[in-house]
Amino acid sequence: MKQVLSAIVLIAGLGSPSFAQSDGGSLRFPSIFGIPSALPAPGGSGYVGLVLVHPRRDTEDRRDPINQADGDLLLGYTFGNPVRGVSAHVGATITSLIGFAEDGALQASLSRALHVSESSATFAGVSATNAAAWGDAADSPPAYAAYLSHLFTVNGGRGEMPVQLTIGYGDHAATADGSGINDQEPFVGIGVGVSQSINLSLSGTTKELYAGMGFGFRELPRWNFSLGVFDVTQAQGHRQLALTIARGF
């Protein structure tokens, strides 16, 4: 229950923007890799991040890997309060570090709390990604999705563990570089804070599976890291490794 209460207070904008990192012995916030979540960052917080991708995909032939790693620069800011009103997130992705800023897109999302109690919270969210795209990113249409996220705790071997469940429907990026945007379909995911430093997640669609790990260090309270694999079983033939490094402010 402590983890849920702490997360709700922070999401409501009453705590530190580095809410994804636990403190004081609580377990790490249960983020989910590969799908969107309706649980927003606190209002008035932002981030700068870098996603390193391997292998990269050719934008002309989206199933053909380029035998090199590449990266995308991520920028985002959240404002508003989902408990008292609506939380809004706006962001931009600069696609590829090669020919920097030649390709990219904007994204936006809205979140609203549907139910909040001492032991759980439920949020609804909608998002639009790959909007106002330029360069090669404009080859893909905008993607839209709607989803519900539920935060609660379960009793584990080390006490209460925070859990996030998310279910939704819509378009979303099936690869880290956006080269495999899926058709509209349902998606679902679960994330669990297993220690003060690590959360694990599993998510997917009717076509493929994603697995991820988020981690951080108490010595770097505003830094967050994640490591994930798209298309774990190679069901769609575009397995891809993604490492994200982000700094909140």
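Numbering of residues begins at 1 and proceeds along the displayed sequence.
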Side-chain heavy atoms of Leu202 within contact of Leu209, under 4.5 Å: yes
Nearest heavy-atom neighbours spanning Ser149 and Ser37: OG-OG, 3.5 Å
Asp72-Thr93 side chain donor-acceptor pair, cut-off 3.5 Å: no
Parallel, tilted or perpendicular, as decided by the 30° and 60° cut-offs, for the rings of Tyr47 and His89: parallel
Under 3.5 Å donor-acceptor, Asp70 side chain and Leu97 backbone: yes
Close side-chain approach of Pro40 to Phe123, heavy-atom, < 4.5 Å: yes
Heavy-atom check, side chain of Val192 versus side chain of Leu200, under 4.5 Å: no
Ala137 backbone acceptor or donor facing Ser140 side chain under 3.5 Å: no
Worked check of side chain to side chain contact (heavy atoms under 4.5 Å, CB included) between Gln107 and Asn130: CA-CA 6 Å; Gln107 53 268 347; Asn130 207 56; over 6 Å; no
In one Ile/Leu/Val/Met/Phe/Trp/Tyr side-chain cluster, 4.5 Å: Leu243, Val232: yes
Sub-4.5 Å side-chain heavy-atom contact between Ile32 and Ser203: yes
Close side-chain approach of Val53 to Gln240, heavy-atom, < 4.5 Å: yes
Test item: side-chain donor near acceptor, Arg112 and Asn81, under 3.5 Å: no
Check: Gln236 main-chain N/O paired with Asp231 side-chain donor or acceptor under 3.5 Å: yes
N/O donor-acceptor pair under 3.5 Å between Ser197 side chain and Phe217 backbone: no
Minimum side-chain heavy-atom gap Leu74-Val51 below 4.5 Å: yes
Flag side-chain contact, heavy atom, 4.5 Å: Gln234 against Glu208: no
Donor-acceptor side-chain pairing of Ser127 and Ser109 below 3.5 angstrom: no
Mutual orientation of the aromatic rings belonging to Phe225 and Trp223 [parallel < 30°, tilted 30-60°, perpendicular > 60°]: parallel
Side chain Ser226, main chain Gly214, donor-acceptor under 3.5 Å: no
Gln196 versus Arg218, side-chain donor and acceptor atoms under 3.5 Å: yes
Distance, nearest 0.5 Å, that separates CZ of Phe187 from OH of Tyr210: 9.5 Å
Asn224 (side chain) donor-acceptor with Ala246 (main chain) under 3.5 angstrom: no
Close side-chain approach of Leu227 and Leu241, heavy atoms under 4.5 Å: yes
Interatomic distance, Ser87 atom OG to Leu39 atom CG [nearest 0.5 angstrom]: 10.5 Å
Approximate separation, where rounding is to 0.5 Å, of Asp171 CG and Glu185 CD: 9.0 Å
